[in-house]
2 protein chains.
Amino acid sequence: MFHRVTIVGLGLIGGSIGLALHARKAAEQVAGYDLGKGVCDRARKIGAIDQSYSSLADAVRGAELVILATPVGAMRVLLQDIAPSLTPGAVVTDVASTKAQVITWAEEFLPSSVSFVGGHPMTGKELSGVEAADARLFHNRIYCLTPTARTRPGAVSKVCELVEVLGARVRFLEPVEHDGQVASVSHLPFLASIALVDAASHGPAWSDASLLAAGGFRDASRLAAGNPEMYRDICLTNSESITHWLDEYITSLQTLRKRVAAHDRSLGDTFADAQQTRQRWQATYDEMSE
Amino acid sequence: MFHRVTIVGLGLIGGSIGLALHARKAAEQVAGYDLGKGVCDRARKIGAIDQSYSSLADAVRGAELVILATPVGAMRVLLQDIAPSLTPGAVVTDVASTKAQVITWAEEFLPSSVSFVGGHPMTGKELSGVEAADARLFHNRIYCLTPTARTRPGAVSKVCELVEVLGARVRFLEPVEHDGQVASVSHLPFLASIALVDAASHGPAWSDASLLAAGGFRDASRLAAGNPEMYRDICLTNSESITHWLDEYITSLQTLRKRVAAHDRSLGDTFADAQQTRQRWQATYDEMSE
């Protein structure tokens, strides 16, 4: 059981962590801090936190575990700001979508008396904000942890305990490895979706064509409805991996384009291969989610 | 009320048309033909057709309205095969995803005593086959009709009656206009999805990365699970429009790639624009679907 846990950033993820800590009675006290107007009050009302703070220093002071659940763009300043107030021995973790950059900042700004363990829960919802928080958001989901050679084993154990409380499954990865993998299965799909909306909606007949768009367009463009600031920060902090995967994607599209132009009948085989890969992935995903 | 309607091809669409005709008591007799083993029997069992035929000639003979609901790749031979058996005055329509090519074939092979009206209902399901048929599949959906200068007005009226029976909304378009618009909102999203699965799954770390893939990857790749033969035929019969839209898409991705590589903070504005466009589209789509 944790003594005092502080959650900084009470959105969907931060709020859900608070609810899960309470549901499992895993912390004596959950403290919360959020810059948004009234967010702390709403988080307390739904039972995500016990105590809210208007001072970041007061919020993190005395905490055994500090969870940074803000957008990755806020992380640099946040790490600088909490550094002087952290209690020696404290463990700090985050939930940001990119890891290498955040870890560099943590190593730069945090005192050597505290430990940082990078984390990234592979979950989400279309809705955001503390109102959408759900204690079961992490259930059976993969939770990436990216300790480095410098991370203390005791700190890793503590964050593993948190992951267990959330009902998620730990997966250890090197930070750079993590960033490359999520670039392919998460950041690339987002940009593919953005480019689809961009290309289709800038066509001369969009106002007519949009009326013909149905379920296929809806699914393929859904990610474009995601939070623009969050994805901007992801692009800024994972530029190299994302660029690599965009290149791979463009190459794949250029090959398809040549074959469509050439009326290549064997496109059917390529589509069947992709269908099988997709079905295999979906089966594994469904099994993991059970 | 129709006297005798023949549906050729009893998959999801053909079967659903049959169910809707029965539900609205809109035809004295619905005849069916399908090459698949046992498909006609299953269609009759669920009430999609009244009478099944093992001979295509017998199936279409005497029909006032013939609905071709096969994949577009089968359409050329089908039009040749039914031509000698059609009753003078009959109206033939299809439900294929591309229109210009099918209309060229219809004008080439059908006798002048019958009329052809190209059609394309904007609906679908993840499931296929007559077992997935649903009388309400077309409810409030857009149903494109693409008559040409040569199409008889009486034939258009007859197909409009069918669309009304299905509960769908007629939208008239030039065949080439239709093909360009669906290329942007339907065929491009499919190829974007195929390329995503192709690029991601050929990465060296796919077996690990695939475990991190979650809801975003699921949505963006869903179309890749679609019928490979159907989409191959779509590419073969709509090559020019699809190539155009792939070029637009690749251009959009190349621009994004440059900006990600340059750590361009104004990417957030582009993402916000796409988010708004997507939200506007979704609102219209939801309103239409009510």
Side-chain angles (χ1 to χ4, degrees), chain A residues 122 124 142 181-182 184-186 189 191-201 203 205 208-217 219-225 228-229 231-232 235-236 239 242-243 246 248-250 252-254 256-257 260-261 263 267-268 271-272 274-275 277-279 281, chain B residues 122 124 142 181-182 184-186 189-201 203 205 208-217 219-225 228-229 231-232 235-236 239 242-243 246 248-250 252-253 256-257 260-261 263 267-268 271-272 274-275 277-279 281:
Chain A
M122 306 311 293
I142 284 183
Q181 293 183 16
V182 293
S184 73
V185 297
S186 170
L191 288 163
S193 181
I194 288 288
L196 178 65
V197 171
D198 179 61
S201 70
D208 287 331
S210 67
L211 298 174
L212 304 190
F217 182 82
D219 292 338
S221 69
R222 181 171 286 135
L223 280 169
E229 291 79 24
Y231 279 108
R232 176 200 60 204
C235 289
L236 294 173
S239 165
I242 294 176
T243 308
L246 278 171
E248 297 290 318
Y249 187 52
I250 290 168
S252 177
L253 285 162
Q254 280 166 334
L256 286 173
R257 188 242 180 251
V260 171
H263 292 82
L267 276 168
F271 298 166
Q275 183 191 43
T277 303
R278 173 58 168 66
Q279 283 168 347
W281 172 80
Chain B
M122 306 311 294
I142 283 182
Q181 292 183 16
V182 293
S184 74
V185 297
S186 170
F190 169 76
L191 288 163
S193 181
I194 289 287
L196 178 64
V197 172
D198 179 61
S201 70
D208 287 332
S210 67
L211 298 174
L212 305 189
F217 182 81
D219 292 339
S221 68
R222 181 169 287 137
L223 280 170
E229 292 78 25
Y231 280 108
R232 176 200 60 203
C235 288
L236 293 174
S239 166
I242 294 175
T243 308
L246 277 171
E248 297 291 317
Y249 187 52
I250 291 168
S252 176
L253 286 162
L256 286 172
R257 188 242 181 251
V260 171
H263 292 82
L267 276 169
F271 298 165
Q275 183 191 42
T277 302
R278 173 60 168 66
Q279 283 167 346
W281 172 78

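Here is how names work: the chains are called A, B, and so on, in the same order as the sequence lines, proteins then strands, and each is numbered from 1. In this text the structure is predicted, and so the values were computed from the model without any measurement.
- Closest approach of A:Val185 to B:Phe217, counting heavy atoms only: O-CB, 3.4 Å.
- By number of non-hydrogen pairs under 4.5 angstrom with chain B, the leading residue of A:Asp198, A:Val182, A:Asp208 is A:Asp208.
- Taking chain B as the reference chain and counting heavy-atom pairs below 4.5 Å, the highest number among A:Arg278, A:Arg232, A:Gln279 is found for A:Arg278.
- Remark: B:Tyr231 pairs with B:Phe190 by the ring pair (Phe, Tyr, Trp, His ring centres under 6.0 Å) rule, at least two apart or across chains.
- Interface check for chain A: of the options B:Leu267, B:Leu212, B:Leu256, B:Thr277, the most heavy-atom pairs under 4.5 Å are formed by B:Leu212.
- In this structure, chain B has a heavy atom under 4.5 Å from the side chain of A:Leu223, while its backbone stays farther away.
- Of all the listed residues (B:Glu229, B:Glu248, B:Gln275), the one sharing the greatest number of non-hydrogen pairs under 4.5 Å with chain A is B:Gln275.
- For chain A, the option among B:Ala199, B:Gly215, B:Ala195, B:Cys235 with the highest count of heavy-atom pairs below 4.5 Å is B:Ala195.
- Top candidate by heavy-atom pairs under 4.5 Å with chain A, chosen from B:Val197, B:Leu253, B:Leu246, is B:Leu253.
- Nearest heavy atoms, B:Tyr249 versus A:Leu196: CE1-N, 3.3 Å.
- No other option in A:Ala220, A:Ala200, A:Ser186, A:Pro189 has as many heavy-atom pairs under 4.5 Å with chain B as A:Pro189.
- The most heavy-atom pairs under 4.5 Å with chain B, out of A:Ser201, A:Ala205, A:Ala192, come from A:Ala192.
- When each of B:Gly268, B:Ser184, B:Ser239, B:Ala274 is scored by its heavy-atom pairs under 4.5 Å with chain A, the top score falls to B:Ser239.
- Most heavy-atom pairs under 4.5 Å with chain B: of the set A:Ala224, A:Ser193, A:Ala272, A:Ser221, this distinction falls to A:Ser221.
- Within the 4.5 angstrom heavy-atom criterion, atoms from both the backbone and the side chain of B:Ser210 approach chain A.
- Both the backbone and the side chain of A:Leu191 come within contact range of chain B, judged by heavy atoms closer than 4.5 Å.
- Only the side chain of B:Ile142 comes within contact range of chain A, with at least one heavy atom under 4.5 Å from a heavy atom of that chain.
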